[in-house]
A.B. asks: 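Have a look at this one.
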Amino acid sequence: MYHVLEARIRTALSTHIRQRYNQDVTVVTERPPRIEMGEVASPVCFELAKRLKRAPRQIAQEIAAELPPIEGIERIGVAGGGYVNLYFSRAAFLAAAVTGAAATPASAGPDAPKCIVEHTNINPNKAAHIGHLRNAALGDTLVRVLRRAGRRVEVQNYIDNTGVQVADVVIGFIHIAKKSPGAVRALAAQPKFDYFCWDLYARVTQFFEEDKTRLALRGDTLKSIEEGRGPAAEMADAVAPAIVRCHLRTMERLGIEYDLLPRESEILHLKFWDAAFELLKRRNVIHLSASGKNAGCWVMRLNDAADAADASGEDDDAKIIVRSNGTVTYVGKDIAYQLWKFGLLGRDFHYEKFHTYPDGHTLWASVSSGGEPNPPAFGHASVVYNVIDSRQAYLQNVVVAGLRALGFQEQAGRSIHFSYEMVALTPRCAAELGYTLSEEEAEKPYVEVSGRKGLGVKADDLIDRLEVAARAEVDQRHPDSPEAERAAIAHAIAIGALRYFLLKFTRTAIIAFDFEDALSFEGETGPYCEYAVVRARNIFRKLREQQPDFDLESLTTVDQDAAARLFGGSDGNAFWELALLAGSLDTQIEAAVGAQEPAFLAKYAFQLAQAFNLFYHRHRVLTEENADKKTFLLQLCRLVELQLVGALELLGIESPEQM
RNA sequence: GCGCCCGUAGCUCAGUUGGAAAGAGCGUCUGCCUUCUAAGCAGAGGGUCGGGGGUUCGAAUCCCUCCGGGCGCGCCA
């Protein structure tokens with residue numbers, strides 16, 4: 001609601017300034033520091049003062065006096081050296097906010113332009129860890145926010161099932177665990193298979209370190225897996241899908257779902273790369289390096305300045321796309337995949353159903369042949385978000401440069417690297433996990449998580465710990481509630497704590513993980529926000545006990561005279577600040593989409609919860625004797641509840657009925 | 001060496017396109033549960049916004065420079 005009025009004010013001001021002063025200015029608006037100064041302020045007169053060579057305050061006074069009425073704005077004032085302050089009609093705002101909050105937001109039609117969000121992308125060779133959780137939480141929240149903003153979104157989780165990491169675990173099964181393909185298949189059916197592979201993978205790293213010549217095994221194994229032949233391929237075929245299912249289960253605990261699993265095996269088998277290679281060659285984006293250190297490789301130059309220097313042989317800083325042995329690099333495959341996402345490759349996968357979620361939603365996976373006869377139309381996106389940590393920025397730039405060089409300027413511009421910094425461990429946390437730090441590591445502010453070394457907090461372990469801790473709190477408070485109910489509440493609290501913890505940091509902040517912070521349910525946390533919702537709901541529950549015929553719907557009609565009176569009364573400003581904040585979810589969503597920053601919503605949810613807790617503490621709703629005031633207070637509670645639930649939903653955090 | 005990111009309270013972090021007296025959580029100290037659940041609320045203390053220049057009516061925010069830290073820059077992914 002706030003966003004609507006703010007936009008209205010900007011338009012009114014810029015129109016008025018154009019007509020009255022013949023000036024085209026971009027009107028910036030801001031929130032005044034105190035509520036007594038109004039809800040929207042504009043420093044536009046400072047800019048006008050320069051252009052008109054007049055005192056800013058004088059212009060501001062003129063504008064305040066002459067600006068035509070704006071719907072929803074009660075009065076205009078002048079403050080400071082020349083700020084124009086606008087005051088909302090409080091009662092009208094509350095009425096509009098309450099109806100707006102109760103309405104369901106419009107979702108995108110089936111023909112709307114599509115956004116693809118690719119996230120999670122965990123190598124299917126070990127259990128998911130805390131770093132993967134940040135990726136998935138950010139990606140999933142981006143999806144939720146985009147959908148709420150009215151976009152059509154397709155969620156992809158790319159599976160590198162034929163890569164080095166899978167090959168390494170296969171090597172572990174053959175040479176360390178000495179398993180047959182049949183034995184591996186049996187193991188893969190066991191629960192916690194991802195944990196088994198976690199340990200095995202770390203042992204493979206040691207296995208290579210002990211004798212570097214063993215690295216030769218990797219090339220052979222990889223080749224066998226890529227070609228789909230031999231026992232190594234058979235094992236990879238057992239390991240990767242089983243691990244993928246473990247990851248899906250983990251992510252489902254967090255409320256994260258996907259639409260499609262594109263798999264690398266199909267990118268190979270369906271020769272996506274060959275199509276991309278032809279395109280890249282035909283349009284001279286890549287060329288065969290004749291001399292220098294990259295001789296025999298197909299390379300792509302990144303600086304356009306030297307694009308005529310084909311024959312100069314100075315390709316040393318170019319990016320290798322095809323190795324001298326003819327195999328394609330990861331970036332090459334990624335260019336092909338990115339082209340497919342935009343529908344530019346001229347090829348498509350076949351698709352089969354891979355999994356059905358409890359809500360009936362189907363997850364599809366790519367296959368090489370056959371598949372379902374009429375799968376949904378995947379790909380053909382207008383915007384692509386790749387949720388990948390900032391360490392891969394260089395490679396993402398190469399992919400985009402490839403698209404641009406191919407002449408797909410528009411798609412290159414709409415290829416968004418949704419970048420974020422890594423999750424690391426505090427040295428204390430690493431030590432707690434039983435890891436012995438080197439002297440150098442102990443000096444550092446944090447230690448990098450490493451699947452290769454087996455150093456990291458496994459996602460399921462963390463969720464388990466959170467659930468146990470939450471369960472202890474719930475048991476204490478609700479010893480008589482049924483078991484299933486207590487489990488469900490503890491789960492909501494655990495996930496709320498985890499997702500909030502991962503989302504409250506802005507994307508550019510490195511998270512130094514520590515159990516103490518992550519396991520907290522107090523202060524700026526998910527459970528704090530959930531608790532505010534529960535408090536609002538408790539009021540309504542108690543009210544229904546007292547008045548069985550009470551209907552929540554009755555609160556959607558606001559008596560504006562009564563509301564205006566109460567907003568003008570002794571606690572009026574406090575009530576108003578709460579209503580205004582609750583009515584600002586739209587502004588927050590707008591800002592979160594604009595800045596591509598989910599943390600904005602996390603901060604907002606916390607602020608709203610905090611404001612509500614203060615209100616809750618100061619005003620007893622149910623014992624209020626003045627009927628108008630009681631209704632008004634209930635309306636505030638209802639508005640906050642709806643908006644807070646909405647904000648938490650965007651963060652993937654459930655609001656339990658009780659805690 | 002080149003590129004990207006970070007430096008704000010004891011600690012962990014916000015501060016959206018430059019705007020009105022720098023914010024939050026944690027931690028420390030002091031209060032508040034016969035009440036709509038204290039997973040809460042109130043108060044106190046704590047800051048040369050890394051340093052120095054510059055642009056501007058106005059800079060934590062933009063530019064330059066220096067210092068400190070992190071991450072990339074592979075015929076790995």
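As the structure is a computational prediction, the values presented were derived from the model and not from experiment. In what follows, every chain begins at residue 1, and chains take the letters A, B, ... in the order their sequences are listed.
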A.B. asks: Taking the six-membered ring for Trp, are the ring centroids of A:Phe418 and A:His119 within less than 6.0 Å of each other?
C.D. replies: no
A.B. asks: Indicate, with a heavy-atom threshold strictly under 4.0 Å, whether A:Asn397 touches base, sugar-phosphate, or nothing.
C.D. replies: nothing
A.B. asks: So which protein N/O to nucleotides 5-7 of chain B N/O distances come out below 3.5 Å?
C.D. replies:
none

A.B. asks: Would you compute the distance between atom CD of A:Glu524 and atom NZ of A:Lys603 and round it to the nearest 0.5 angstrom?
C.D. replies: 4.0 Å
A.B. asks: Examine the base of B:A20 for any acceptor or donor lying under 3.5 Å from a partner atom in the side chain of A:Asn85, and report the outcome as yes or no.
C.D. replies: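 Yes, a donor-acceptor pair under 3.5 Å.
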A.B. asks: Assign A:Pro56 to base, sugar-phosphate, or nothing according to its heavy-atom contacts below 4.0 angstrom with the strands shown.
C.D. replies: nothing
A.B. asks: Report yes if at least one side-chain N or O of A:Gln476 is closer than 4.0 Å to OP1 or OP2 of B:U37; otherwise report no.
C.D. replies: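 No, outside the criterion.
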A.B. asks: With rounding to whole Å, what would you report as the distance between B:U12 and B:G47 at their C1' atoms?
C.D. replies: 16 Å
A.B. asks: Please list all pairs meeting ring pair (Phe, Tyr, Trp, His ring centres under 6.0 Å) that have one or both residues in residues 521-542 of chain A, counting only residues at least two apart or in different chains.
C.D. replies: A:Tyr528-A:Phe606
A.B. asks: Do the side chains of A:Glu47 and A:Arg51 get close enough for a salt bridge, i.e. N-O under 4.0 angstrom?
C.D. replies: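 A:Arg51 and A:Glu47: salt-bridged.
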A.B. asks: At less than 3.5 Å, do the side-chain atoms of A:Arg34 and the base atoms of B:A20 form a donor-acceptor pair?
C.D. replies: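 Under the 3.5 Å cut-off, the side chain and the base do not form any donor-acceptor pair.
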A.B. asks: Between the base of B:U37 and the side chain of A:Arg477, is one N or O donor paired with an acceptor at under 3.5 angstrom?
C.D. replies: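 Under the 3.5 Å cut-off, the side chain and the base do not form any donor-acceptor pair.
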A.B. asks: When the P atoms of B:C49 and B:G23 are considered, how many whole Å apart are they?
C.D. replies: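 That atom pair is separated by 14 Å.
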A.B. asks: With rounding to whole Å, what would you report as the distance between B:G45 and B:U61 at their C1' atoms?
C.D. replies: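 Result for the C1' pair: 28 Å, nearest Å.
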A.B. asks: Just the dot-bracket of RNA chain B, please: which string comes out with Watson-Crick or G-U pairs under 3.5 Å, [ ] for crossing, | for another strand?
C.D. replies: (((((((..((((.....[...)))).(((((.......))))).....(((((..]....))))))))))))....
A.B. asks: Does this structure show an ion pair linking A:Arg391 with A:Glu448, if we count only N-O contacts that are shorter than 4.0 Å?
C.D. replies: yes
A.B. asks: Under the salt bridge (Lys or Arg N to Asp or Glu O under 4.0 Å) rule, collect the residues that match up with A:Arg541, sequence neighbours excluded.
C.D. replies: none
A.B. asks: Classify the ring geometry of A:Phe612 against A:Tyr616: parallel below 30°, tilted from 30° to 60°, perpendicular beyond 60°.
C.D. replies: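 Judged by the thresholds at 30° and 60°, the geometry between A:Phe612 and A:Tyr616 is tilted.
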A.B. asks: May I ask you to decide whether A:Glu6 forms a salt bridge with A:Arg10, counting only side-chain N to carboxylate O separations under 4.0 Å?
C.D. replies: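 Judged by the 4.0 Å cut-off on N to carboxylate O distance, A:Glu6 and A:Arg10 do form a salt bridge.
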A.B. asks: Is the count of non-hydrogen atoms from other residues, nucleotides or ligands lying under 6.0 Å from A:Lys630 atom NZ greater than 12?
C.D. replies: yes
A.B. asks: What residues in residues 520-528 of chain A put a non-hydrogen atom under 4.0 Å from any atom of RNA chain B?
C.D. replies: A:Phe521, A:Glu522, A:Gly523, A:Glu524, A:Tyr528
A.B. asks: Is there a donor N/O on one and an acceptor N/O on the other, under 3.5 Å, for the side chain of A:Ser390 and the base of B:C71?
C.D. replies: no
A.B. asks: Could you pull out all residues at least two apart from A:Glu30 that satisfy side chain to side chain donor-acceptor pair (under 3.5 Å)?
C.D. replies: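 For A:Glu30, no residue satisfies side chain to side chain donor-acceptor pair (under 3.5 Å) once neighbours in sequence are set aside.
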